[in-house]
Amino acid sequence: MNEEEEILKQVQAALSELAKNNDSWKLIPEVASNLCCAKKDAKTPLDVAAVPGRIRIAFKKLVYLPPAFGASGHIARALIQARKTDGSVRAALNVRFDQEFLDKAEKAGLSVSSYDRRIEPREVKEALTGSMEWGTQHAIDSNKGKVPDCFYHLGDWGKEPTIIIFGENPGQVVEKALKLIQ
């Protein structure tokens, strides 16, 4: 099995594990969610497997298509930025912001960081891309230069607050996410 096939298999298995939990729908933000996994040498979102159309909710159940490379922009860019600091970070998932989730993350021993979208430079806000990279780097810098298990922002005009969870593989990311709803 080549690297791409292995990554697709890992993302699919992690999605299935997430969907098995009856409360996993509580994690999904209004803008939907995505689970990503990067190739070892990922440089662009085309090198990252994710869910086409994102993970959505229907009748309190997760709904998603099989993973594919190039299926994420936002979360893939955050992941690629995190990998510039720590190459062992290969997976990411965005979930709904909830202070209770952050409290549970900290109680579970996960490192938590944040950034403030309101101070994002104007040129970054106005560009088509760059916001996720800026925010991710800001959260890393706020965490003593280390990629946190998760980081959050409280949103901005037209931007939903969110939490992004990082890990070495999709299974580990889902394991961390499930700690937020236990």
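All of these numbers come straight from a predicted model, not from anything done at the bench. Excluded from the calculations below are hydrogen atoms, water molecules and symmetry mates; all remaining heavy atoms, backbone and side chain alike, are included.
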Worksheet entry | Student check: side-chain heavy atoms of Leu110 and Lys176 closer than 4.5 Å | yes
Worksheet entry | Partner residues of Glu4 under the side-chain hydrogen bond (donor to acceptor under 3.5 Å, both in side chains) criterion, sequence neighbours left out | Lys39
Item to complete: Using side-chain hydrogen bond (donor to acceptor under 3.5 Å, both in side chains) as the criterion, list what pairs up with Ser111, not counting sequence neighbours.
Response: Asp149
Worksheet item: Partners of Lys146 by side-chain contact (heavy atoms from CB on, under 4.5 Å), sequence neighbours excluded?
Response: Asn143
Worksheet item: Who are the side-chain contact (heavy atoms from CB on, under 4.5 Å) partners of Ala91, not counting sequence neighbours?
Response: Pro170, Val173
Worksheet item: Taking all non-hydrogen atoms of both residues, which atom of Val11 and which atom of Pro67 are closest, and how far apart?
Response: CG1-CB, 3.6 Å
Worksheet entry | Validation row: Pro148, Ile140 side chains within 4.5 angstrom (heavy atoms) | yes
Worksheet item: Checking Asn94 side chain against Ile164 main chain: does a donor-acceptor pair fall under 3.5 Å?
Response: no
Worksheet entry | side-chain hydrogen bond (donor to acceptor under 3.5 Å, both in side chains) partners of Gln12, counting only residues at least two apart | none
Worksheet entry | Straight-line distance of Cys36 SG to Arg77 CZ, nearest 0.5 Å | 10.5 Å
Item to complete: Report yes if some heavy atom in the side chain of Phe166 is under 4.5 Å from a heavy atom in the side chain of Leu79; otherwise report no.
Response: yes
Worksheet item: Cluster question for you: counting only ILVMFWY and a side-chain heavy-atom cut-off of under 4.5 Å, with indirect links fine, are Val63 and Leu35 together?
Response: no
Discussion item. Could you work out, with side-chain contact (heavy atoms from CB on, under 4.5 Å) as the rule, every residue matching Ala177, not counting sequence neighbours?
Written reply: Leu27, Leu93, Ile165
Discussion item. Closer than 3.5 angstrom, by distance alone: can the side chain of Thr136 be matched with the main-chain N or O of Ala82 as a donor-acceptor pair?
Written reply: no
Fill in: Spatial distance of atom NE2 (His74) from atom OG (Ser131) [nearest 0.5 Å]
6.5 Å
Under 3.5 Å, which donor-acceptor pairs link side chains of residues 53-62 to any protein atom two or more places apart or in another chain?
{"residue": "Arg54", "atom": "NH1", "partner": "Val31", "partner atom": "O", "Å": "2.7"}
{"residue": "Arg56", "atom": "NE", "partner": "Gly53", "partner atom": "O", "Å": "3.1"}
{"residue": "Arg56", "atom": "NH2", "partner": "Gly53", "partner atom": "O", "Å": "3.3"}

Worksheet item: Does Lys9 pair with Glu5 as a salt bridge, N-O distance under 4.0 Å?
Response: no
Discussion item. To check you understand the geometry: which heavy-atom pair defines the closest contact between Pro45 and Ile80, and what is its length?
Written reply: N-CD1, 3.6 Å
Practice prompt. Kindly indicate, with the supporting measurements, whether the criterion side-chain contact (heavy atoms from CB on, under 4.5 Å) is fulfilled by His153 and Thr162.
Written response: CA-CA 6 Å; His153 68 78; Thr162 195; 3.2 Å; yes
Discussion item. Under the side chain to side chain donor-acceptor pair (under 3.5 Å) definition, can you give me all pairs with a residue in residues 82-92, not counting sequence neighbours?
Written reply: Glu3-Arg90, Asp86-Ser88
Worksheet item: What residues, two or more places apart in sequence or in another chain, satisfy side-chain hydrogen bond (donor to acceptor under 3.5 Å, both in side chains) together with Asp141?
Response: Gln137
Worksheet item: Which salt bridge (Lys or Arg N to Asp or Glu O under 4.0 Å) pairs, counting each pair once, include a residue from residues 15-28, with sequence neighbours left out?
Response: Glu17-Lys20, Asp23-Lys26
Worksheet item: Within a radius of less than 6.0 Å around CD of Glu30, do more than 12 heavy atoms belonging to other residues, nucleotides or ligands occur?
Response: no
Practice prompt. Sequence neighbours left out, what passes side-chain contact (heavy atoms from CB on, under 4.5 Å) with Ser114? Give chain and number order.
Written response: Tyr152
Fill in: Distance-minimising heavy-atom pair for Ala105 and Leu180
CB-CD2, 3.6 Å
Discussion item. According to ring-ring contact (aromatic ring centres under 6.0 Å, His included), who are the partners of Phe101, at least two apart in sequence or on a separate chain?
Written reply: none
Worksheet item: Minimum heavy-atom separation for Ile28 to Ser33, with atom names?
Response: CD1-CB, 3.7 Å
Item to complete: Can you see which heavy atom on Ala14 is nearest to which on Gly171, and at what distance?
Response: CB-N, 3.8 Å
Worksheet item: Taking the inter-plane angle between the rings of Tyr115 and Trp134 on a 0 to 90° scale, is it parallel (under 30°), tilted (30 to 60°) or perpendicular (over 60°)?
Response: perpendicular
Worksheet item: Is Asp47 reaching over with its side chain to a backbone N or O of Thr44, donor-acceptor style, under 3.5 angstrom?
Response: yes
